Amino acid sequence: LLRHLKPSEFNDLHEYHIWQKRQLKILEVGLLLYPSIPTDKSNPLVIRLREIIRAGDLNPIDTSKNSDMMRLLCNIVVSLAWRGTNGTPTDVCHWEETMVLDEVDELLELMKKTWSILGINRSIHNACFTWVLFQQYVVTNQIEPKLLSAAYTMLTEVEIDARKPDKETTYVKVLSSMLVSIKSLVEKRLLYYHECFNKGNIDEIENLLPLALFSAKALSEDVGIMEGEGEGSKKGDVMLVDSTSDFLDRYIRSSVKNAFAKMIENENVKHTEENGGPSVALLDLAKETEDLAAKERELFSPILKKWHPIAGGVAAVTLHQCYGAVLKQYLAKTIMLTDEIVGVLQRAEKVEKVLVQMVVEDSEECDDGGKGIIREMIPYEFDSTRLKLLRQWIDERLKKDKELLCRVKETETWNPKSKSEPYTQSCMELMRSANQMVKDFFDIPIGITDDLILDLAEGLKLIFQEYITFVASCGSKESHLPELPPLTRCNHDSKFFKLWRKANPCSVGLQDMHQIITSERNHTRPSMSRVSTTRTHLGDSHKHCGASPSHFKHVNTLIQSACDHVSEVAAYRLVFLDSNLYVGEVGNTRIRPLIKVLKQNLTLLTAIHTDKAQALATKEIMKASFEAFVLVLLAGGPSRFFERSDHEMIEEDFESLKRVFCTCGEGLIPEDVVQSEAEPIEGVIALMGQSTEQLAKDLNIISRETSGTDATSPGQKLPMPPTTRRWNSGDPNTILRVLCHRNDREANQFLKKEFQLPKRK
């Protein structure tokens, strides 16, 4: 061959050089390394042949007809091949005559004749030939399936040989080396079979798998390879045996994971924050996961199922785990539930159903019904995930409303505007936010449990309660009530009375009323304007959130209490302004000017308050006005004194005051309610019409009955009646105060004798 095949018959000189070196290696193996008759290393022919082979490694040998190197090589080869056992030439050549072969079988028969020369047997030949076929399949870029098929056919022979006892050490080493190489090369494709195979070359898997499975099992099972049953081996060094399904399981899981990782890499490249971000990427990944599952079911599983009963189920479970890991990582970064997240969860739920169905269908013929593989499929737990995210959503939105509450509390001005804007800005902002929260909550397209609705309602209730408490923190009516002056007795000869008679009567004119009304409009008091803040919106909020109306019962009670309190404080602040009513002589300081001012204020009130708030506010103003009136009579201080004859004018003034509230608006306060509030005051006015003697007598009786003092005890003084502020005709303190303001000598003497009260200055 070296003499007759020329470089021109090859594609290039490099290819020719490789071929030539291969022929020289064969000569080296047959004549120097493994000769039938051993050679002496010092033999000049042996030394010269080694030099020629070494020179051929570096550059091609000239094999032309006139080549001295070629002539020398032929002489050396002939001399070494014709040696006899005693070193003398014989007529027997160790090389057969050449012939042209037409069939592979003829080639094999010819190769068998070289076994004795090359020092091999059938088992070694089978192993080497299997490797040659497989190696040729690899170096031709796996485009010759017949080579792979032939390698698989030879592998059946190798498997038979490998199970024979008493294997030679040389064979075990050759077989082990071959199997390691085959296993490594085959698994590079099987561990990535999604990437390496398609509809065009899927059949190759049926030949590759037996190669991989036999190699893997032979290297691990007790077949005398790894444990060394050959010469010099130690007993008991046996590796654990994996079943065929275990090997297939590894290939399937690895390939699916690698394919999934490739999809994630592509999605990360495609989707950045500018073009969709992680939510869109996860939605696309869900579609690709379903596509990969379909490809597995239709293309690979029918083939893999020949070696693994639930190959498709293993792939589905692996995909479920891969997508679940990505989903878990995505949700771990999620704080609040959004429409995007809901969409991701719904899409993930669909993926899970597809994969579960794939496992169920693939496991129908399993002995355990697929229970083992299904146990690996840990559910995504959408319900608990949704519940957690919904609770986070509720907490976050309630937190924002609490922050809003703190902000509006600081910025609220409490300035009423008109009936078209009847609520405070803080109330409007808070209720808008609460209503939007409830709307957004029920717009979330997932199942919402009663517990979550109650959690939301409870959170809103606490915010409403805090706001109501804030609204009601406008003080108390006591802060606007004047302090009761010390009890004194009228001194008919006091300097004050003498000066008062000389002074002009004090009255409130129209200019004064105008200033008061203007002041009320331009400088609205906070407590007054809070009357309109707390009705409708908070009270009706339960209609929107789905909670039972009873859940907000306490809030509604608080609202009513706050309205009552704010209205009361506002009324007392409005009414208890310093006035000149009955200062000096009653006839000169009647109530008519004050009633005009009061009507103006009531008109202003109805203009800025909601219809629901008007009745309550008006009623509280009425109560404050009545109390202010009675305090003028009973605790008006040293500037006020009354004659018994003043009774009729005072009674007439109070009737005028009552009429203001009976006729205010369209029945804002029913007459019976006005009368009920007026009765204690009318009782006090009635006392002012009684004689001093009768008042003293009544006080004596009631005080002793109340205190338990014996009226017959000689020299026993009357006890000082306690001030209860429950002014009525049966209250001893009320009677005492009427006497303190009675401008006559009898009252003066009685108070001095019984209570030692000082004179007015």
Side-chain angles (χ1 to χ4, degrees), residues 412-428 467-481 513 516-540 556-577 579 594-629 657-678 681:
E412 181 57 72
T413 61
W414 304 109
N415 286 326
K417 296 180 180 179
S418 67
K419 283 190 176 181
S420 62
E421 299 180 65
Y423 304 104
T424 59
Q425 186 64 28
S426 58
C427 182
M428 293 298 291
Y467 182 76
I468 294 165
T469 302
F470 166 64
V471 171
S473 63
C474 56
S476 64
K477 72 174 185 179
E478 284 74 18
S479 62
H480 301 292
L481 286 173
M513 287 189 290
I516 293 175
I517 299 300
T518 303
S519 175
E520 287 297 316
R521 286 194 177 120
N522 295 337
H523 305 285
T524 309
R525 300 176 179 85
S527 57
M528 187 62 198
S529 47
R530 291 193 193 193
V531 177
S532 61
T533 62
T534 59
R535 299 294 287 187
T536 307
H537 282 60
L538 294 180
D540 294 342
N556 288 329
T557 301
L558 287 178
I559 291 173
Q560 187 57 53
S561 298
C563 289
D564 292 344
H565 178 73
V566 171
S567 297
E568 179 183 67
V569 174
Y572 274 73
R573 181 160 189 168
L574 175 69
V575 169
F576 278 87
L577 296 173
S579 72
L594 293 179
I595 286 180
K596 289 181 180 180
V597 175
L598 178 61
K599 286 181 177 180
Q600 292 283 357
N601 279 318
L602 291 174
T603 300
L604 174 63
L605 180 145
T606 56
I608 64 175
H609 281 67
T610 65
D611 293 342
K612 289 186 177 181
Q614 286 178 17
L616 177 61
T618 305
K619 181 181 177 182
E620 291 301 327
I621 292 174
M622 176 190 71
K623 292 165 64 175
S625 299
F626 287 179
E627 184 164 0
F629 189 88
L657 183 60
K658 284 169 53 179
R659 273 196 303 276
V660 170
F661 296 102
C662 288
T663 60
C664 182
E666 298 180 0
L668 281 179
I669 308 178
E671 287 192 23
D672 58 335
V673 174
V674 175
Q675 186 56 42
S676 175
E677 294 292 336
I681 314 301

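Keep in mind that what you see is a predicted model, and the values were worked out from it rather than measured.
Closest heavy-atom contact between Val575 and Ala624: CG1-O, 3.8 Å. Here the closest non-hydrogen pair linking Val569 and Cys474 is CG1-O, 3.7 Å.
Rounding to the nearest 0.5 Å places SG of Cys662 at 11.5 Å from CG of Leu668. Rounding to the nearest 0.5 Å places CD of Glu568 at 8.5 Å from OG of Ser476. Going from atom CG of Leu616 over to atom CD1 of Ile669 covers 9.5 Å, rounded to the nearest 0.5 Å. Rounding to the nearest 0.5 Å places CG of Leu605 at 7.5 Å from SG of Cys664. From Lys623, atom NZ reaches atom OG1 of Thr618 across 13.0 Å, with rounding to the nearest 0.5 Å. Between His480 atom NE2 and Tyr572 atom OH the span is 11.0 Å, to the nearest 0.5 Å.
With hydrogens and angles ignored, the 3.5 Å screen pairs no side-chain donor or acceptor of Ser676 with any backbone N or O of Val673. At least one donor-acceptor pair closer than 3.5 Å links the side chain of His565 to the backbone N or O of Gly475. Checked by atom type and distance alone, the side chain of Thr606 pairs as donor or acceptor with a backbone atom of Thr603 at under 3.5 Å.
Using a 3.5 Å distance cut-off with no hydrogens or angles, the side chains of Gln560 and Asn556 do not pair a donor with an acceptor.
Scored by the salt bridge (Lys or Arg N to Asp or Glu O under 4.0 Å) test, Lys658 finds Glu655, Glu682 as partners (sequence neighbours excluded). Residues meeting the side chain to side chain donor-acceptor pair (under 3.5 Å) test with Glu412, sequence neighbours left out: Ser426.
In this structure, Glu671 places its CD atom where only 12 or fewer heavy-atom neighbours from other residues, nucleotides or ligands lie under 6.0 Å away.
Just one residue in the list Leu574, Val597, Val660 forms a side-chain contact (heavy atoms from CB on, under 4.5 Å) with Leu602, and that residue is Val660.
The shortest side-chain heavy-atom distance between Lys619 and Met622 falls under the 4.5 Å cut-off. Inter-residue side-chain proximity for Glu627 and Lys477 is flagged as met; some heavy-atom pair is nearer than 4.5 Å. Contact check for Phe629 versus Leu594: no side-chain heavy atoms found under the 4.5 Å cut-off. Taking the side chain as every heavy atom from C-beta outward, Leu604 and Gln600 never approach each other to under 4.5 Å.
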